[in-house]
Amino acid sequence: MGLNYYQIKRKVLKARKLVIQGTSTAGSGHPGGSFSMAEILGCLFYKHLRYDPKNPSWEDRDKLILSKGHASPGLFSNMATAGYFDPDDVLTLRKFGSKLQGHPDLKCPGVEFCGGSLGIGLSYSIGNALAARIDGKDQRIYTIVGDGESDEGQVWEAAMTAAKYKIDNMTVFLDRNFIQQDSYTEKIMPLDEELLGNDLSEMWKDASRWKTGDKWRSFGWNVIEIDGHRVEQISDAIRRANQTKGLPSIIIARTIKGKGVEHMEDNPQWHGKAPKPEMVPIIEDELESQFMIAPSIIAGDMSNLDKEVKRCADGRADYIHLDVMDGQFVPNKTFDHTKIKELRPLTLIPFDTHLMINDPVKHVRDYIDAGSDIITVHAEVCDESSFGEISDMLHSNQVGIGLAINPDTELPEWCYKFVESLDQIIIMSVIPGKSGQKFIESTHEKTKRIAKDLREHKFEGYIEADGGVNLENIGACFEDGARAFVGGSAIIGQNDVRMIIKEFRNQVLESRRKLLIKKAHELGGTELVNSWIDLHVVGEKKDKLVQIAKEFGFQ
Amino acid sequence: MSAEQFGDMRTEYSKALVAVGEENPNVVVLGADTTDSLKTANFGKKFPERFFNVGIAEANLVSVAAGLAYSGKTAFASTYAIFLPGRCVDQIRNAIAYPSPGDKKGLNVKLVVSHGGLSVGADGGSHQQVEDIAIMRAIPNMRVLVPSDSTTVSKLTWIISQQYGPFYMRMARSKTPIVHNESQEFQIGKGIVLQDGSDCTVAACGITVKIALDAADLLKQEGISCRVIDCFSVKPIDKELLEKAARETGSIVTCEEHNVMGGFGSSVAEVVSESYPVPIRRIGVQDKFGESARDNEIPQLFEKHGITSINIANSVKEVRGKKP
């Protein structure tokens, strides 16, 4: 169906929430491995996989084979989100009489493989791929294999078979989350290297220790290695794999088990355990509070924007904010679409193009063609008709749609007609035109008010705080309801972009933890606060939460 | 039959496969480095694009076949008995028998093996699969066929290519005596009465059917009239025919080159004890492993396990005496 970056992220969020609801209601199941592959499934279901949920056995459909079958809650939740069945059906997961069995099963129309006994799915996928070849069908087989599953010798039998038969109508993902049932993979049966000690981040950080790709390459496969939570990387990897002819392709996606919920992340306990029902509302709030950091490169060296883009990429920015100024809508001039087109090949990171220009409707086409992932235009220079035109154009090109307002502007009445399909609303906290200004304090109140209003109008996109955001105020911006943060001089003006982005994230995380502790207290008092805190066993998260609870007087 | 004729099951299987493949372009054949031995390589020569040799990787063999079947192919996967049920019960169960698309039961894979039972001979006990019937018949949706001769193999290959669903067909390694005429008709779930009789029934499967016939000849000389049934369809088994035999002949002896525990004899005992209980004696491997024996020594190996016409005859006399 081909959704844009933001729409995919929203679907992934919906699916994650269903996983929590489904496993929690069932009282068992595997959320950890469902979350590590959440973005992979998101990119497949909402961009690359060809299927018809109303006709699951459509002959020419692509096939998705979940070899790591225990992650079925992830599969079922996406099938529900994609329209195969009612999302409420996920609440029947693992129950007597349900089509949603404990593991993927053909009992549920649209499921292509009975998974669960590990090691079988890749061979089975090869069989399907060979059948498509015999029949001369333009059909693709997508398969997700687990890293723990790779202990099974049959995976490697299949690896040889796919190379022998040059299976190139199949794209395999290895969900490399480094955790299997008993413990870390690198302790139980290392795929890279034996892990000494208990700090999994050691394996994550040190690329020189990753040998899994070499294993597959030596078996004759095209290997693509990515961060498996980055939609843009997954999508690009799928495209590259699908274009590769004459040999099989595997995408090794480094992922985090339990990704999205702090206490589940990198925690082997959450391989096969369901969250307790009382924790569900808190977890849902946590999932709703995903956030993104977007450095604005005009705060850097304007004479060398290539370098600034690369610094953002190295710094692991979520996306890159591109302020286009025309010298008319704002007094300054920065660059136009030709510059964006030049920058585009430098990185896969989404481009968040913020058009501070007059008559945006006349220019939007150029910015789509330049490779923007989202284009935000200003409410001050649009009306219902021109914004409608812009919105249609962006929508049909799978580009995100954003609307921005200046500090002295309110959301126009006409924008509510579009609010459900808007991906982003930028609330400017400085007067646009140049970087380095101070955050206008009244923006906090304004954002809170708008966030509440937008929630009531079913807005599902991100509110982006733009202007003067820094380490001191980013936490407050999060509390206001902003979930995307543009950092100008506070990020790009610093020497170590990676470090500063990490600090930005930590500040937001701190605010998010506060929000969740408050939620726990509101729902179940000190007792629930303590149970919530006790879930956080990996790393130093627990100490930080205890500190917060004490500050609030909850302990 | 007067002068004894022999046939080679693998040769007939191979010929039938090629013929089936000519008629049905959906048929695919998979092997695991035993395609010369099973003679499935002949199919590969004729239809290279529908033939896959996955090497010595039986789990993979079974699962690739399952994938082909899920995508609409009729998949024949073949190797030695010891390497299929003996090695891949998980894949057979979870990738072939369990997955049931729509109203169908299981996937359309035919597991056809040779080297079933003790008659493997020289390769020794490690290669003599005496548990496969028990393993395979315990799996829901799986049907189990043990043909008695090469004629049966040929006919059953055609039949299972046309009937949807998982089948396990067990062939013997060596050349085997022919017991059926070319005109014999076969039906899944139906036994064949090879010789009528009223004093006792000998029900057998596979190459022991010929031993059963020999036993009946011996008994005839002593004036005992034996009914001999070829139960090539071990699952589904012909309940009706067995119940009738129990009622009309009053006792049953079973015979198989397989462990008596859980095998063909067990399935006969299950059926008869529930429908028309009569004394039963099961001839077969008595919960032991086999051992090497060259071709000319195989009769000795069978004798050691009590699988002989004389032992069948003695058992018939014994169970007849126990009739109520």
Side-chain angles (χ1 to χ4, degrees), chain A residues 56-57 59-65 67 69 99 101 103-137 139-141 143 152-167 169-170, chain B residues 21 24-33 47-77 83 87-109 139-141 166:
Chain A
S57 49
E59 275 236 344
D60 294 324
R61 72 193 185 277
D62 291 339
K63 288 178 182 154
L64 170 61
I65 285 148
S67 189
K99 63 177 175 279
Q101 297 281 297
H103 290 83
D105 199 300
L106 304 188
K107 286 184 178 70
C108 175
V111 172
E112 309 277 11
F113 171 63
C114 289
S117 180
L118 295 173
I120 298 179
L122 187 53
S123 305
Y124 180 86
S125 301
I126 292 168
N128 280 282
L130 287 170
R133 177 187 290 178
I134 293 170
D135 295 339
K137 275 189 183 167
Q139 182 184 48
R140 217 159 169 91
I141 315 297
T143 306
E152 291 280 4
Q154 191 186 340
V155 169
W156 305 98
E157 296 180 5
M160 284 194 278
T161 307
K164 173 186 169 182
Y165 288 104
K166 302 182 170 58
I167 306 289
N169 54 344
M170 172 177 82
Chain B
N24 182 353
N26 254 341
V27 168
V28 296
V29 174
L30 299 97
D33 200 37
F47 310 108
E49 73 290 354
R50 289 194 267 145
F51 177 74
F52 308 100
N53 189 339
V54 301
I56 309 165
E58 293 81 11
N60 188 41
L61 171 85
V62 169
S63 316
V64 173
L68 280 153
Y70 180 69
S71 279
K73 301 294 161 197
T74 302
F76 282 79
F83 304 134
R87 195 178 176 99
C88 310
V89 69
D90 171 36
Q91 287 79 7
I92 292 170
R93 180 194 186 277
N94 282 312
I96 292 177
Y98 181 71
S100 297
D103 298 333
K104 293 171 179 162
K105 289 182 174 173
L107 294 178
N108 203 12
V109 178
I139 300 176
N141 293 343

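All of these numbers come straight from a predicted model, not from anything done at the bench. Below, chain A is the first sequence line, B the second, and so on; all start at residue 1.
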Most contact-rich option vs chain A, by heavy-atom pairs under 4.5 angstrom, among B/V54, B/L61, B/N53, is B/N53
Is there a donor-acceptor pair closer than 3.5 Å between any side-chain N or O of B/K73 and the backbone N or O of A/G127?
-> no
Name every donor-acceptor pair, under 3.5 Å, that has one atom in a side chain of residues 108-115 of chain A and the other anywhere in the protein, sequence neighbours excluded.
{"unit_1": "A/E112", "atom_1": "OE1", "unit_2": "A/R61", "atom_2": "NH2", "d": "2.8"}
{"unit_1": "A/E112", "atom_1": "OE1", "unit_2": "B/Y70", "atom_2": "OH", "d": "2.5"}
{"unit_1": "A/E112", "atom_1": "OE2", "unit_2": "A/R61", "atom_2": "NE", "d": "2.7"}

Side chain, backbone, both or neither: which part of [X] has an atom under 4.5 Å from a heavy atom of chain B?
| X | value |
| --- | --- |
| A/Q101 | side chain |
| A/K63 | side chain |
| A/I134 | side chain |

Rounded to the nearest 0.5 Å, what's the gap from CG on A/D105 to OH on B/Y98? Could you check?
-> 3.5 Å
To the nearest 0.5 Å, tell me how far B/C88 SG sits from A/Q154 CD.
-> 8.0 Å
Looking at [options], which one has more heavy-atom pairs under 4.5 Å with chain B than the rest?
| options | result |
| --- | --- |
| A/G116, A/S123, A/S125 | A/S123 |
| A/G153, A/A132, A/A131 | A/A131 |
| A/T161, A/I126, A/L130 | A/L130 |
| A/A129, A/S117, A/G121 | A/S117 |

Between B/L107 and chain A, which part of the residue has a heavy atom less than 4.5 Å away: side chain, backbone, both or neither?
-> side chain
At a heavy-atom separation under 4.5 Å, does B/V28 approach chain A through its side chain, its backbone, both, or neither?
-> side chain
Minimum side-chain heavy-atom gap B/S100-A/L106 below 4.5 Å | no
Of all heavy-atom pairs between B/S71 and A/D135, which one has the smallest distance, and what is that distance?
-> O-OD2, 4.4 Å
Could you tell me which non-hydrogen atom of A/I120 sits nearest to which non-hydrogen atom of B/S63, and how far apart they are?
-> CG2-OG, 3.5 Å
Write out, in numerical order, the residues from residues 90-97 of chain B with a heavy atom short of 4.5 Å from a heavy atom in chain A.
-> B/D90, B/Q91, B/N94, B/A95
